[in-house]
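Computed from a prediction, not measured in an experiment: that's the story for all the values here. Excluded from the calculations below are hydrogen atoms, water molecules and symmetry mates; all remaining heavy atoms, backbone and side chain alike, are included. The sequence lines fix the lettering, A, B, ..., with proteins before strands; numbering per chain opens at 1.
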There are 2 protein chains.
Amino acid sequence: MNALHHCISQYYPISIPAWEALSSALTRVELPKNAFLVREGTVCNKLYFLERGCLRGYYNLDGKEVTYWFGFEHNFITSFYSFISRKPGIENIQVLEDSTLWGISSEALHQLFDAHHDLERLVRIINEQYYIRLEERLMAMQFKTARERYEQLLGTSPHILQRIPLGQIASYLGISQETLSRIRSQV
Amino acid sequence: MNALHHCISQYYPISIPAWEALSSALTRVELPKNAFLVREGTVCNKLYFLERGCLRGYYNLDGKEVTYWFGFEHNFITSFYSFISRKPGIENIQVLEDSTLWGISSEALHQLFDAHHDLERLVRIINEQYYIRLEERLMAMQFKTARERYEQLLGTSPHILQRIPLGQIASYLGISQETLSRIRSQV
DNA sequence: TTCCTTTTTTGACAATTGTCAAAAGAAAAC
DNA sequence: GTTTTCTTTTGACAATTGTCAAAAAAGGAA
């Protein structure tokens, strides 16, 4: 749980009572490789912090698995659409490496928001940072070639390439596995 | 300002004191077509609510203008990256139709957050809704063809097509103007 | 090791999309 | 109404990327 506290303090340092309330509301979750944290068609009403391991979010489109994000150590994980809208999502979240997570339910989190203004501020700030990241990714997707997107990924997250199968990375980049393989051979 | 109050209440109904504090902190901004709300290379430290008119966000890439969002009536407008990170952004925000906006500075907004927890909650909730929208757009960009993205836009925002030049829409969809023109002729 | 499964690469070809250039059309200015 | 400017369409061709199928390579299990 120290990792979470450290992670949080980089966004916004919350008060000791807020931290105590938060940490006592968390549940530890251990999942082995290939397990599912969230299944499509269900409501995901938990938010997780990933302490150890790695996961991916994907959905099924025309019989193919389409990966659209990866989560690594010290990332916040949930099916955002489902968590925020409280509706069933199309997203599956699968464990790619044995993982340790800390989870909190939507209800518990909102109760904490009522009691601790600074906790809600923390979440607002984290949301904003995640928004910026998403915006950057959208811009890359919209205006860069497959090769440029791959090279950008190489620069910002070289660890992805050692930990994730090529097909899933290709899907994440919005290209076919064959194209990514060819890009790599021509670098 | 009624439009803003109505818009806000659809996200989260704030208290009367919070609304009074917010509304007295707002500045009205009138801008004619082709004016700039934000210029690249500057810090955008204001958040706007667009009451009337329409705008676009774009940046320059290899000498070309790349449009990546449009704002219409009752949208919240800012250069999100710059507003959140407080750093100069690469984004220009240009007025496409004579517009009326209500603006608030980052400093004033954060002061209001300290005084009114419910205002910060409102912004957290709005952020979340905007995050979901962005996520949907990313998924379309990543896994749909140009034609599918165009048809999706036709379905969700037909008004865009009557108000925005084709070249800017094409840019927004991540395709060339010629390709969009050909897609339209084949529907 | 050997076998089996999964992952990655390669080839051939098709489909999609981009680029450049010019023409046509629409809107604004005079 | 005419001219000028901006926007949209069309043509020809090139570049990029996808699809299908098979081979090669890598990783695990027995």
Side-chain angles (χ1 to χ4, degrees), chain A residues 32-35 54-56 58 60-68 70 94-98 138-154 158-187, chain B residues 32-35 54 56 58 60-68 70 92 94-98 138-154 158-187:
Chain A
K33 181 173 175 173
N34 293 325
C54 108
L55 304 92
R56 68 164 178 145
Y58 74 89
N60 289 295
L61 182 70
D62 306 330
K64 287 187 182 174
E65 288 186 0
V66 158
T67 297
Y68 67 106
F70 299 107
Q94 187 181 25
V95 178
L96 299 180
E97 298 171 4
D98 296 355
L138 176 65
M139 293 204 285
M141 196 58 69
Q142 203 164 356
F143 308 115
K144 294 191 173 174
T145 64
R147 157 164 279 116
E148 288 171 329
R149 297 202 297 276
Y150 173 69
E151 284 167 356
Q152 180 174 315
L153 189 68
L154 262 185
H159 59 284
I160 288 187
L161 300 157
Q162 275 101 51
R163 294 170 72 175
I164 311 281
L166 200 69
Q168 291 177 17
I169 294 174
S171 181
Y172 174 81
L173 291 172
I175 56 179
S176 71
Q177 173 169 326
E178 294 90 335
T179 297
L180 181 54
S181 176
R182 288 185 178 105
I183 286 172
R184 298 214 305 180
S185 69
Q186 288 162 27
V187 169
Chain B
K33 182 171 174 175
N34 292 325
C54 111
R56 67 165 178 144
Y58 75 90
N60 289 295
L61 182 70
D62 306 330
K64 286 186 183 175
E65 289 185 359
V66 158
T67 296
Y68 67 106
F70 299 108
N92 298 278
Q94 187 180 25
V95 178
L96 299 181
E97 298 172 3
D98 296 355
L138 176 65
M139 292 203 284
M141 196 59 67
Q142 202 164 357
F143 308 116
K144 294 190 174 176
T145 65
R147 157 164 279 114
E148 288 171 327
R149 297 201 297 278
Y150 173 70
E151 284 167 357
Q152 180 174 316
L153 189 69
L154 261 185
H159 59 286
I160 288 188
L161 301 157
Q162 274 100 52
R163 294 171 72 177
I164 311 281
L166 199 70
Q168 292 177 17
I169 295 174
S171 181
Y172 174 82
L173 291 171
I175 57 180
S176 70
Q177 173 170 325
E178 294 90 335
T179 297
L180 180 54
S181 177
R182 289 186 177 103
I183 287 171
R184 299 215 303 178
S185 69
Q186 288 162 25
V187 170

Could you please name the option among C/dT17, C/dT9, D/dT7 that lies closest to any side-chain atom of B/Pro165?
D/dT7
Over 60° means perpendicular and under 30° means parallel, so classify the ring planes of B/Phe70 and B/Tyr172, tilted if in between.
tilted
Short side-chain to backbone donor-acceptor contact, B/Asp98 and B/Pro32, under 3.5 Å:
no
Between D/dG18, D/dT10, D/dC20, spot the one nearest the side chain of B/Ser181, thanks.
D/dT10
End axis versus end axis in the helix from C/dT1-D/dA30 to C/dC30-D/dG1, the angle rounded to 10°, five pairs used at each terminus:
40°
Between B/Arg184 and D/dT9, does any side-chain N or O lie under 4.0 Å from OP1 or OP2?
yes
Would you kindly give the CG-to-P distance between A/Leu96 and C/dT6, to the nearest whole Å?
16 Å
Sequence-aligned protein contact record of nucleotides 22-30 of chain D, with B where the base is within under 4.0 Å of a protein heavy atom and S where only the sugar-phosphate is
---------
With the side chain defined as heavy atoms from C-beta on, A/Glu178 is closest, among D/dT17, C/dT10, C/dG18, to C/dT10
One should read off an interatomic distance between B/Leu153 CG and B/Ile160 CD1, to the nearest 0.5 angstrom, of 4.5 Å
Using only heavy-atom distances, decide whether a donor-acceptor pair under 3.5 angstrom links the side-chain of A/Arg182 to the base of D/dG18.
no
Kindly say whether A/Thr145 contributes a backbone atom to a donor-acceptor pair with the side chain of A/Glu148 at under 3.5 angstrom?
yes
With a cut-off of less than 4.0 Å, is there a side-chain N or O of B/Lys144 near OP1 or OP2 of C/dT16?
no
A side-chain contact here means heavy atoms from C-beta on lying under 4.5 Å apart; do A/Leu96 and A/Pro165 qualify?
no
Once you round it to whole Å, what is the distance between P of C/dT16 and CD1 of B/Ile175?
13 Å
What's the spacing between A/Arg163 CZ and A/Ile169 CD1 if we round to 0.5 Å?
11.5 Å
Between P on D/dT17 and CG on A/Leu173, what's the gap in Å once rounded to a whole number?
11 Å
Tell me the interatomic distance from A/Gln142, atom CD, to C/dT17, atom P, rounded to whole angstroms.
15 Å
With rounding to the nearest 0.5 Å, note down the distance linking CD1 in B/Ile183 to CD in B/Glu178.
11.5 Å
Check whether any side-chain N or O of B/Gln142 sits under 3.5 Å from a backbone N or O of A/Ser171 as a donor-acceptor pair, and report yes or no.
yes
Whole angstroms only, please: what is the CZ-C1' distance between B/Arg149 and C/dT16?
11 Å
Rounding to a whole Å, what distance do you find between B/Phe143:CZ and D/dT17:C1'?
15 Å
Find the distance B/Ile164:CD1 to D/dT8:P and express it as a whole number of Å.
11 Å
Between B/Thr179 and A/Leu166, name the one whose nearest nucleotide on DNA chain C is closer to the 5' end.
A/Leu166
Consider the side chain of A/Gln177, meaning its heavy atoms from C-beta on, and name the nucleotide among C/dT9, C/dT17, D/dT10 that approaches it most closely.
C/dT9
Partner of A/Gln94 under side-chain hydrogen bond (donor to acceptor under 3.5 Å, both in side chains), picked from A/Glu65, A/Gln168, A/Arg56, is A/Arg56
Steps toward side-chain contact (heavy atoms from CB on, under 4.5 Å) verdict (A/Thr179, A/Tyr150)
CA-CA 11 Å; A/Thr179 297; A/Tyr150 173 69; over 6 Å; no
Gap between atoms NZ and P, on A/Lys64 and D/dC20 respectively (whole Å)
7 Å
